[in-house]
Structure formats: C-alpha cells, structure tokens
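Here is the structure we will look at, set down as structure tokens.
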2 protein chains.
Amino acid sequence: MTTSISVQEGTDACNTIGCDNCAVGDLCARYSDNQNKEHEAVLQHYHPLNDSGSHIFWEGDKFDLLYAVKSGCIKTYTLDEDGNERIRGFYLPGDLVALDALYSDEYTSSACAVVPTQVCGIPYSQLTRVVASKPELQQRLLKMMSKDLSTALALAGDYSAEQRMAAFLLHLYEREQQRHIGKNGEIELLMPRRDIASFLRLAPETASRVLSRFQQQGMIRSRQRCLQLNDPQALWALAQPLGITSTPCENRRAA
Amino acid sequence: MTTSISVQEGTDACNTIGCDNCAVGDLCARYSDNQNKEHEAVLQHYHPLNDSGSHIFWEGDKFDLLYAVKSGCIKTYTLDEDGNERIRGFYLPGDLVALDALYSDEYTSSACAVVPTQVCGIPYSQLTRVVASKPELQQRLLKMMSKDLSTALALAGDYSAEQRMAAFLLHLYEREQQRHIGKNGEIELLMPRRDIASFLRLAPETASRVLSRFQQQGMIRSRQRCLQLNDPQALWALAQPLGITSTPCENRRAA
DNA sequence: CGGTATATTGAAGTCGGTCAAACCCGGTGG
DNA sequence: CCACCGGGTTTGACCGACTTCAATATACCG
C-alpha cells in the first residue's frame, strides 16, 4: 500500500525491514539525523506480536499511535452485525497503519497481526512536530497517504472478482519484489483465503473459485499458502483497469 | 469528503465558500497571514468553470496543481475499456481535489465540473513549502487526507446497494447542513443518477430502484434532482455499518 | 410542440453468494 | 506407523441481488 522501498544493493531475501532500510525509516528517530534530539522520542515502542491475532488496537480506542510495520503483516477490520470481520486493509513491512484515523480521536478499525509481526508505535502528536521540521519527511508522509488513498479509491470501484484478485496478487508480488524476495514469481499468501476474500468483498468460496480458474488457465499455480505467478502479464492485463499495479516489463500503456 | 467547515454565525444559505470561510481557507494565501509574502503565491489560479463538463485536468496529465472547490461540484473519474466513466469521487465546496495524485507525477483520474463550479488551483510544490512553515495547515491537510482515506476504505467494503445509497445521501445531507443550506431535510442532487450509480458501483437502473424503494417506505421523497429526507434516522440505521456518517441527534452508538 | 436526454419500470439473465458436502493437511495420540 | 481429528480450502448445486435489455415516462430546450 505504500511507496517504493529503498533497499541497499546486494541485500537479498529480507523478511524484516531493518531501521536502516525501512520505508518509514526517516519518519522515525533512528535513521534520520541523530543530531536532532527531539526525534529520538518519536520511536517509542518497538512492539513484537508473536502470535497471529494479537491486536495492536481496537476500533474505538483513543487514537494516539501510528504503527510502522517492520516484519510480518497487519490486517485492519471492522465487525459487521453478525460479528464477521470486514477486512479493510493489509499492511506489509514498510507500511504505516492507522493513517485513516488521524482525522479522528479514535481508531476507525481494529488491527491485528496476520502472522508473527513486528511493529513500531509512533506517537502521532510527536510525529507531526518532527515532520514539520523536516520537509522530506513531510513529503514522504503525504505521499504514503496519497498512495493509500489512490489504492482505496481504485479498490472501491466496480471491478469483477477476477480483476480485483489479479490486482491483489500483483500488488503482493510487486511488494515482494521490492524487498527482493520471491524472485521467480513466487509469493507467499500470509493471510487465509477468508481474509483475502473479505478484503476483496468476495465470499471465501468465490475467492477460491477465482484462484482455481486462474490455475486452470495456467496463470498461477496455487499450493496452499504458496503461490506461483506463471503469467504476470496475463494477470496484469486483468488488473490494469484498476490502475494500481505498475506496468510490467516491456509493454508500457499497451491498452 | 472533508473535515468540518467553519462558517460564521448567522451565515445562511451559502452555495459558495468565500475565502473567509473556505474550509481550505488557510491552506491558501489570502486567509492565512498577509504578512508572510511567500503565501501569496500559493493561490495562483482562481478558475471559474461555467459549463458542466468543463475539465480541470485529465488522467495522465502532469500533476502540479491541487484544486480547492469554492462552489458547485467536481467529479473525478477514469474511463473503462468501452469509454464509460467510472466515478471515483465527488468534491463539494471546501474539498480538495487530486489528493490521490500527489504520490505520482501525473493525475490518476480526470476531473470535471458537474455543475457550474469555481475552483482555485494550488501549486503543490508551493503548498508543501507553506505547509511546512505552518503546523496548523499541515495538520489540516493531513486530516483532510485521512478523512478521504477513511471514507474511501469504507466505500470499498462489501455493503448492499441500499446501505451505500443511504450513506451517500446522508453524506450529502451532512455537507449541506454544515453549509447551512437544505435545512428541512432537503438536499439537491447536483449530479445525474448515472454518476451517483457509477460512484456507488451500481447500474443506473438499480440506483433508481433503490431510491424508489426508499420513497415507497417513506424515507425520502424524490422529485427529480431535489430530494427530501423524511426519515434521516432510518437512513442512518442503514448507513451506520459504513461508519462514515456521524450519528444523528439523540441516539449515539445505538447498535 | 417535437426531439433529445434523463429517469423510471418491467422482464429476463448473470455473477457472485449461500448452503452443504468433500477434500486436504498438519497435528495428536494410540 | 497409522487412525483420527479439526481447521481451512475446494467443489458442486441452488439461490438471490444486481445487471442487462427493452419499453415507457418525464423533464429539459430550442
């Protein structure tokens, strides 16, 4: 859901975003500049969530901290009248969680770990002060929010189950590529089908069927949580109308 | 789609947001502080769009200006393969258009007037400089984006045609109330049914049927573009799961 | 007045949802 | 080592919400 992640040359297979190459790196204290003491207070809480399902906040809690994902995966959700989760978003290493809450005084959704996950809590009040004094950081924060907004608007559109699923898979793929993992088209689905389905406003059965169809057509190979993208081009052709996946390889502006 | 609009006491029936009480007022030069000369350059273009359909930018254009809506209504959209518009959003007086573009170097959608409309172009590069020096402005901009993000995430969820339509109508109603127009439950649908439908990912026929159903149940009274909300409570009960409409009158947190 | 665009209403079709059963797979324990 | 779970996942049959197609009605405008 976020902007490109700068990773040092030669770094490979990083499931954790260290402070040195965290996308939100210079939004927090450590990386930016150590001469400015005020910044050091910003990164307050390094917070390991060892169990999937561990919550970092609940809908309605007083909003005070943003969370930077260092490793693993966070999902946000609200509950419907029957107690079912409506997944609002997934957040991967480098993403900021709760950007949709800072207009309010409380979190607008609950957030919990999908797999064992590490997050850093960033006090919003302090962040704004730091950001005000560092234009590059302000710029980065605005861009992250803008990208999230753009993605959300696209996902809110009237696209078919296939289109949304293709966009989702490609998005994961791109994120993993940026972190130099899953080189040969392999991606790891950290979240259960049920959550993917909910996020894409599908029934779990439909999500499963769509993936089966993709597999029959040879576009992917799905073995449980591990997924092989055999034909990213074909997926991209499906997802292209959403406009959230960058154009792959050769064909720029094909359509 | 935006934060509350501060309007002076005693002001009534304002279809235009003047510079004095524009929600984005102090994001632009005039209102903020005249002693700071740099700010004066920010508001470059006052831009009247006399005809509905007049465009302020097109998808793919180089991104340089945000637009503050002063009066009227702007819609943003992308085109599908058949040339049909997919409405991404409507922007009313006080809103900022193109916040979803500032992560990119080009606009991610096209924007045009729904009715005769006045907008102000705000050079983004200059805005960031001004915002950096004025924490209140930074705060306001972040909150606007956050609110937009929150709304978009909610609208992306799996809700019924009725629920989305109810949320949409209530949203319009609240916006008009904030501007002290449409006191007795009347709202003006500036945009054609087709656009409302597209925005809510419905067929125009479905949108029409939903409104008919609302009318049969006595919740609204629909005469062409003018709409009377007879039972906002009932609408709110429908829209409540989306979480984007503030709770009306007495019943806080009813469910 | 037509004439065109928009809005509504009706009938038939489709995509995705629901319900139910089967499957798969890791884990446990005999 | 294998039987037996129990969850997540897949598959099939049916159902329903929304769409599509078609026709009619209504508003807008010269």
Side-chain angles (χ1 to χ4, degrees), chain A residues 51-53 75 80-87 114-115 155-169 188-217 220-228 238 241, chain B residues 51-53 75 80-87 114-116 155-166 168-169 188-217 220-228 238 241:
Chain A
D51 302 309
S52 52
K75 70 176 177 186
D80 70 10
E81 43 282 6
D82 304 324
N84 301 312
E85 294 179 355
R86 295 174 178 281
I87 307 295
V114 171
V115 292
L155 240 18
D158 185 19
Y159 300 97
S160 69
E162 265 91 359
Q163 289 177 308
R164 297 201 297 278
M165 181 63 83
F168 176 76
L169 296 181
E188 193 187 354
L189 265 24
L190 301 167
M191 60 294 287
R193 295 277 191 281
R194 165 176 34 89
D195 287 354
I196 297 175
S198 171
F199 178 61
L200 299 176
R201 52 169 187 273
L202 299 173
E205 295 91 334
T206 306
S208 180
R209 269 184 262 266
V210 168
L211 290 177
S212 298
R213 238 171 292 159
F214 283 176
Q215 176 150 323
Q216 283 174 357
Q217 299 173 262
I220 66 168
R221 171 141 178 69
S222 147
R223 24 194 197 300
Q224 79 250 4
R225 294 265 169 118
C226 183
L227 217 140
Q228 167 94 25
L238 273 173
Chain B
D51 302 310
S52 54
K75 71 176 178 186
D80 70 9
E81 43 282 7
D82 304 325
N84 301 312
E85 295 178 356
R86 296 174 179 280
I87 307 295
V114 171
V115 292
L155 240 17
D158 185 18
Y159 301 98
S160 69
E162 266 91 357
Q163 289 176 306
R164 297 201 297 278
M165 180 64 82
F168 177 75
L169 296 181
E188 193 188 354
L189 265 23
L190 301 167
M191 61 293 289
R193 295 276 191 282
R194 167 177 33 90
D195 287 354
I196 297 175
S198 171
F199 178 61
L200 300 175
R201 52 170 187 270
L202 300 172
E205 295 91 332
T206 307
S208 181
R209 270 184 260 264
V210 169
L211 290 176
S212 299
R213 240 173 290 159
F214 283 176
Q215 176 150 319
Q216 283 177 355
Q217 298 172 257
I220 66 168
R221 170 142 179 66
S222 148
R223 24 196 196 300
Q224 78 252 2
R225 294 264 168 121
C226 184
L227 217 140
Q228 168 94 21
L238 272 174

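Below, chains carry the letters A, B, ... as their sequence lines are ordered, and counting in each starts from 1. Atoms considered below: every heavy atom in the structure, side chains included; atoms not considered: hydrogens, waters and symmetry mates.
Here the P atom of nucleotide D:dT10 and the CZ atom of A:R223 are 13 Å apart, to the nearest Å. One interatomic measurement links the two molecules: CZ of A:F214 to P of D:dT10, which rounds to 13 Å at whole-angstrom precision. To the nearest angstrom, P of D:dT11 lies 10 Å from CZ of A:R193. Protein atom CD1 of A:I196 is 12 Å distant from nucleotide atom C1' of D:dT9, rounded to whole Å.
When all heavy atoms of A:A166 and A:L238 are compared, the pair lying nearest together is CB-CB, 3.8 Å. Nearest heavy-atom pair, B:L155 versus B:R164, reported as atom, atom and distance to 0.1 Å: O-CD, 4.4 Å. In plain terms, the two heavy atoms of B:L190 and B:V115 that are nearest each other are O-CG1, 3.8 Å.
For B:T206, the side-chain contact (heavy atoms from CB on, under 4.5 Å) partners are B:A161, B:L202, B:A203, B:V210, not counting sequence neighbours. Under the rule for a salt bridge (Lys or Arg N to Asp or Glu O under 4.0 Å), A:R225 has no partner lying at least two apart in sequence or in another chain. Looking at residues two or more places apart in sequence or on another chain, you find a side chain to side chain donor-acceptor pair (under 3.5 Å) between B:D80 and B:N84. Checked against side-chain contact (heavy atoms from CB on, under 4.5 Å), B:Q228 has the following partners two or more places apart in sequence or in another chain: B:E186, B:R221, B:R223, B:N230. Partners of A:Q217 under the side-chain contact (heavy atoms from CB on, under 4.5 Å) rule, at least two apart in sequence or in another chain, are A:R213, A:F214, A:M219.
Under the salt bridge (Lys or Arg N to Asp or Glu O under 4.0 Å) criterion, the residue pairs touching residues 189-210 of chain A are A:K75-A:D195, with sequence neighbours excluded.
Nucleotides of DNA chain C lying under 4.0 Å from heavy atoms of chain B occupy a range whose first and last members, 5' to 3', are C:dT6 to C:dA11.
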Distances under 3.5 Å between nitrogen or oxygen atoms of protein and nucleotides 16-19 of chain D:
unit_1	atom_1	unit_2	atom_2	d
D:dC18	OP1	B:A161	N	3.0
D:dT19	OP1	B:R201	O	3.4
D:dT19	OP1	B:A203	N	3.1
D:dT19	OP2	B:A203	N	3.0
D:dT19	OP2	B:T206	OG1	2.3

Which protein N or O atoms sit under 3.5 Å from an N or O of nucleotides 23-27 of chain D?
none

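Between A:R194 and D:dG8 there is a side-chain N or O to OP1 or OP2 distance below 4.0 Å.
Overall, the helix from C:dC1-D:dG30 to C:dG30-D:dC1 carries an axis bend of 30° between its ends, with five pairs at each end and the value rounded to 10°.
Looking at heavy-atom distances under 4.0 Å, A:R225 makes contact with sugar-phosphate atoms alone, never a base.
Here CZ of A:F199 is found 11.0 Å from CE of A:M165. Values are rounded to the nearest 0.5 Å. The CG atom of A:D158 lies 10.5 Å from the CG atom of B:L200; values are rounded to the nearest 0.5 Å. Rounded to the nearest 0.5 Å, atoms CG (B:L227) and CD1 (B:I220) are 4.5 Å apart.
Judged by distance alone, the side chain of A:S198 and the main-chain N or O of A:E85 form a donor-acceptor pair under 3.5 Å.
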